[in-house]
There are 2 protein chains.
Amino acid sequence: MKATEDPAKRQRRGHGRPTLHEVADAAGVTRITVSRFIREPGKVAPETAARIQAAIQQTGYVPNHQAGQLASGASRIVAALIPNVGHSIFAETIQGLTEGLRDSGRELLLMATGYSLEHEESQLRALLGWAPGALIVTGRQHTPAALRMLRDAQDGGTAVIEIWDHPEDEDSEDGFARIGFDHKAIGRTMARHLLDQGHRALAYVDSGVAEDYRAHERGEGFAAECEARGAKVHALTAGTGDAFDAGRAVLMALGSDAKRPVTAAAFANDHLACGALMQAQSLGISVPGQLALLGFGDFPIGRQLLPALTTMRPPRAGIGQAAAEAVLAAMATGDEPVSRTMPCELIVRASTVPA
Amino acid sequence: MKATEDPAKRQRRGHGRPTLHEVADAAGVTRITVSRFIREPGKVAPETAARIQAAIQQTGYVPNHQAGQLASGASRIVAALIPNVGHSIFAETIQGLTEGLRDSGRELLLMATGYSLEHEESQLRALLGWAPGALIVTGRQHTPAALRMLRDAQDGGTAVIEIWDHPEDEDSEDGFARIGFDHKAIGRTMARHLLDQGHRALAYVDSGVAEDYRAHERGEGFAAECEARGAKVHALTAGTGDAFDAGRAVLMALGSDAKRPVTAAAFANDHLACGALMQAQSLGISVPGQLALLGFGDFPIGRQLLPALTTMRPPRAGIGQAAAEAVLAAMATGDEPVSRTMPCELIVRASTVPA
DNA sequence: TTGAAAGCGCTAACAG
DNA sequence: CTGTTAGCGCTTTCAA
């Protein structure tokens, strides 16, 4: 037994921070009254409230959410699984999420899957341990075990949402709310735009990230539309390093292959397209005269180049905000969150349509 | 008393998920044995382990971290406060953080402050409620209340780290470990590079984000070095919209002001500098002949332009990884985390040095 | 308006 | 190797 029987920190376990009990002592009430004051200040007598308020200030009390959540069973946590937090497209979605959650009294628990379904599964397990009130996952592809966890969570009252993917066909329903758009349909839109300009020999340049199935699906839609209209499509895949460089490399490949007299190319994202555009400029290839270029994502740089890049504008931050709204509503009402289609807009600029 | 005495879900409160107790029943042992199996599988007899493993599978048990942390007092949470999650510079830091934390059994609780110290304070309060084992905040400027919370947390054994700022002078020590670099010194380096090229009339274009004091400090260092070497410095501030556009606008302002015969300009970030560079191209201003341009951040686009942009390369993801390592080490040993200078590298390209 | 009793799900300490 | 006892800090009835 230590001689240091300092009354302020005589706890045996715990983390030594002030608890409700110490605030209550300092205010001359019991713990429950302090607890009430924190949650429903109106239900406490003004004088008591003042004393408690002072005691909180004086002790520097910070409520312990773990204990609170454990006791109440209500969860304040919103957990999100994102492929890559550093990628500008998802970064803005997360920013939208954090903004949408701000001042809602909810906290965001975030993990990056690195586009790996296996990581997603293990991280989902870790996340579920926090008994989140809501779960936001990217896309609709999951391992069987992850799917089961998501279903169990939803059955247990957790709001589950899949973002960045919302196919139009009923066949792909999996019982979870979705916020996003149909990537195949977007691929079709991209093809349609180019076909309407009269192109008959096109290319789709896919992302080098093998697990980015959404980019692949845009390619499928693109190819389907081309074929439906009797045009030729070539499928390429970009490299994985710097996206601008990868785009430049793709353009070289496209140009050096005499068997591919492509007059228009669509890309999995704007960075690839911008790289190709800059390389075309270096090579003196006229855009869109000799080659039309179409991107996806509407990254700021695309607007700055000459010619400016035609692209699809997805609601990057909007998806995050919509997801925040949806889970907040679901957590408030107890209902399941509702799906929402967030449309993607075609931004026509000079890289596909001559001035 | 309800008639529905379904043995599987007869709990009164709680969230209805299976608990240790149900796993234990299914495995024919007591809760503590299951708990042990989960934390230290080696300390359980192989046969028992197998039965427990099966019971976990069968029940779909997920450990409740809130309860675990509450009981053990040990925290698995790493909380981080970042100005803007969507900004590419911080997005990569977060990505570095999540990667550094992966498979460590820690979870990242993330909040964005929007560059506001008031937000930081209130979010810090919310974060502290989770009794995080580590706290990562951006920069060394905090409100007095936030500072007190950080100190209290550190005194209570929480690992606290400030990232993206690590001044060299002792005067600015505040007792927290820091991972980053000295922004004033970087500003000096930037100026030195331009001064060494013979420039005598320079400009520093500051960020339009008023609260980004780190960009301001780079400007201070820049100005100090210029003045020390008897050169003239003009201070400008960029607009707040699209950074490329803001950079373009700055270049127009610079060019149209006859009283400012500036021959070199440094920018708070690469996007501003790239905007200015592209605008110079549009206007036929020769870079670096008539005007040398210097950025900060080493964003990928800077390498692609012609001339390529000279810039400072900060360890964007590296800071996140280093922070992860530092807090993991501190949480493991119980010591305070250690500071680390992450150097920033000058990348000389053609926008300041003619080929 | 305030308090007492009970318990959320888990783990530390000590036995056996 | 396994179990018992006690309790983490808070909130929910229900009662005063």
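Below, read A as the first sequence line, B as the second, and so on, with proteins coming before strands; counting in each chain starts at 1.
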(request) Classify the side chain of B/R17 and the base of C/dG9 as holding, or not holding, a donor-acceptor pair under 3.5 Å. (result) no
(message) Can you measure A/R36 atom CZ to C/dT1 atom C1' for me and round it to whole angstrom units?
(response) 8 Å
(message) Rounded to whole Å, how long is the line connecting atom CZ of A/R31 with atom C1' of D/dT11?
(response) 10 Å
(message) Quick test of your reading of the model: are A/R51 and A/E47 salt-bridged, counting only N-O distances below 4.0 Å?
(response) no
(request) Starting at atom CD1 of A/I38, determine the distance to atom C1' of D/dC10, rounded to an integer number of angstrom. (result) 10 Å
(request) Let me see the working for B/R31 and B/S35 under side-chain hydrogen bond (donor to acceptor under 3.5 Å, both in side chains), right down to the final yes or no. (result) CA-CA 6 Å; B/R31 295 180 303 179; B/S35 173; over 6 Å; no
(request) Taking only the side-chain nitrogens and oxygens of B/T30, find out if one of them lies under 4.0 Å from OP1 or OP2 of D/dG3. (result) yes
(request) Take atom CD1 of A/I32 and atom P of C/dG7, then tell me their distance rounded to the nearest Å. (result) 16 Å
(message) Of the listed nucleotides (C/dT2, D/dG9, D/dT12), which one gets closest to any side-chain atom of A/S72?
(response) D/dT12
(request) Measure from CG on B/L20 to C1' on C/dT11 and round the result to the nearest Å. (result) 9 Å
(message) Please tell me if A/T33 has a side-chain N or O lying less than 4.0 Å from either OP1 or OP2 of C/dG3.
(response) yes
(request) Respond yes when some side-chain nitrogen or oxygen of B/S35 is under 4.0 Å from OP1 or OP2 of C/dC10, and no when none is. (result) no
(request) Nearest whole angstrom, please: distance from the P of D/dC10 to the CG of A/N64. (result) 6 Å
(request) Output yes when a side-chain donor or acceptor of B/Q95 lies under 3.5 Å from a complementary backbone atom of A/V85, and no otherwise. (result) yes
(request) State whether A/R140 and A/E162 are salt-bridged, where the test is any N-O pair (Lys NZ or Arg NE/NH1/NH2 against Asp/Glu carboxylate O) under 4.0 Å. (result) no
(request) Check the distance between D/dC8's P and B/R76's CZ and give it to me in whole angstrom. (result) 22 Å
(request) Check the distance between D/dC1's C1' and B/K43's NZ and give it to me in whole angstrom. (result) 11 Å
(message) Does B/Y61 reach a base, just sugar-phosphate, or nothing at all? Heavy atoms under 4.0 Å.
(response) sugar-phosphate
(request) Please figure out whether A/A67 or A/G42 has its closest DNA chain C nucleotide nearer the 5' end. (result) A/G42
(request) Please tell me which of the listed nucleotides, C/dT2, D/dC10, C/dG9, lies nearest to the side chain of A/A45? (result) C/dT2
(message) On the nucleotide D/dT2, are OP1 or OP2 found under 4.0 Å from the side-chain N or O atoms that B/T48 carries?
(response) yes
(request) Establish, with yes or no, whether the OP1 or OP2 oxygen of C/dA12 is under 4.0 angstrom from a side-chain nitrogen or oxygen of B/R39. (result) yes
(request) May I ask you to decide whether A/R151 forms a salt bridge with A/D155, counting only side-chain N to carboxylate O separations under 4.0 Å? (result) no
